[in-house]
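Start at 1 and go down the list; that is how both ligands and their atoms are numbered.
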Amino acid sequence: MDEFELIERFFTREYEDSGVVAGIGDDGAVLAPRPGQQLVTVVDTLVQGVHFPVDIDAADLGYRVVAVNLSDVAAMGAVPRWMTLALTLYSVDESWLAGFARGLFEAAAEHDVRLVGGDTTSGNAVVATVQILAEVGEGKAMLRSGARPGDTIYVTGTLGDAAAGLELLHIGRPNEFLSRRYLRPTARVACGQQIQGIATAAIDVSDGLYADLNKLLQASGVGGAVNLDALPISAQLAASFGADERRRLALSGGDDYELCFTSGGEIRADGLDVLVTAIGTVTDASGIVCRADGKVVDYTDRGYRHFR
Ligand code: ADP
Ligand code: MG
């Protein structure tokens, strides 16, 4: 099978979308955003051995590479529309490709995202890069830089599950719920759109809450006070790890793909499609001060960084 048959067979799907003037098959895709919309573009690469285990299921990888991008779109408060895929493979393994495409299109279908182009190459590691193009009303994108002293800091869902799931996979004691939180992250796309206009700043939690909240606070030129007793922990995480481990996973574990955001207004739970928890307050200091039982806890962490 050559490259063109491969694209035709695994990555070309029928769809109706008046915004796609030209899709797969030409030199470039031609896309028409709706009037009054700005384009948000995000891109994320997953490298075998760096971002996912060598033996990951192909469908999980396909799902994940879309989901991590959707999470960035969610953090901008945007509506995902189109994506491109750059895929590097050792060789053509048809059953692997079928699984990968199944996972990829499953995640894309959940948010009506169309695959409109890409690139396919051979190489010495499996590398999957997805770029998503999303729309957001003019001037409405949520940035990291808008947090103000006095705002409340919120987080969606529960924290630490994905890192816990990965650790349990590594030691051969997989927990189904926690593994799934790692392998099949749920991008908070609807929530991102719901808090747009209410949130002053937002970021998605991919490197761990502490590191990502720090980025948001720095971008806003403010500090934060975090109540560690308020961190949302799932029942499954609580059942598998002790108190100190839970705190470490919730603060520094990566891959949760929840949203962390700040807001000066009241967040009404009934307007949102996901649990949202207030975990602290924006301050006019700098850095993060953590408290547990009302006492300051010394906690430092830099999150995952490449080339460190
Ligand atoms: P070119 O040589 O002009 O760059 P390619 O041969 O790389 O074109 O790709 C042919 C067409 O297939 C293009 O429209 C490209 O966007 C699309 N394409 C290539 N690889 C993929 C992929 N993995 N997924 C989706 N579309 C792809
Ligand atoms: Mg090309």
_So, taking the atom named OH in Tyr154 and the one named SG in Cys191, what distance separates them when rounded to the nearest 0.5 Å?_
12.0 Å
Under 3.5 Å, side-chain donor or acceptor atoms of residues 88-103 against the rest of the protein: list the pairs with distances, not counting sequence neighbours.
| residue | atom | partner | partner atom | Å |
| --- | --- | --- | --- | --- |
| Thr88 | OG1 | Thr121 | OG1 | 2.9 |
| Tyr90 | OH | Gln48 | OE1 | 2.7 |
| Asp93 | OD1 | Ser95 | N | 3.2 |
| Asp93 | OD1 | Ser95 | OG | 3.4 |
| Asp93 | OD1 | Trp96 | N | 3.1 |
| Glu94 | OE1 | Arg9 | NH1 | 3.0 |
| Glu94 | OE1 | Arg9 | NH2 | 2.9 |

*asked:* Under 4.0 Å from a heavy atom of Asp26: which atoms of ligand 1 are those, numbered in the order shown and with their elements?
replied: 13 (C), 14 (O)
*Short list, please: which atoms of ligand 1 are under 4.0 Å from a heavy atom of Phe11?*
23 (N), 24 (N), 25 (C)
_Measuring from atom OH of Tyr182 to atom CG of Asp161, what distance do you get when rounded to the nearest 0.5 angstrom?_
14.0 Å
_So that I can tick it off, tell me whether Arg188 and Asp204 are bridged by a salt bridge, with the cut-off set at under 4.0 angstrom between side-chain N and carboxylate O._
no
*asked:* Under 4.0 Å, counting heavy atoms only: does Phe4 come that close to any atom of ligand 1?
replied: yes
*Does the side chain of Val226 come within less than 4.5 Å of Tyr210's, by heavy atoms?*
no
*Starting at CD of Gln193, measure out to CG of Asp273 and round the result to the nearest 0.5 Å.*
9.5 Å
_Within ligand 1, which atoms have a heavy atom of Asp27 less than 4.0 Å away?_
3 (O)
*So between Leu104, Thr129, Thr120, whose heavy atom ends up nearest atom 20 (N) of ligand 1?*
Thr120
*With atom 21 (C) of ligand 1 as the reference point, say which of Gly28, Gly25, Gly118, Ala101 has the nearest heavy atom.*
Gly118
*Check Ile24 against ligand 1 and report side chain, backbone, both or neither, counting heavy atoms closer than 4.0 Å.*
both
_Show the atoms of ligand 1 that are less than 4.0 angstrom away from any heavy atom in Glu3._
6 (O), 7 (O)
_Lys/Arg-Asp/Glu bridge criterion (N-O < 4.0 Å) met for Arg268, Asp270_ = yes
*May I ask you to identify, for Leu115, whether its side chain, its backbone, both or neither come under 4.0 Å of ligand 1 on a heavy-atom basis?*
side chain
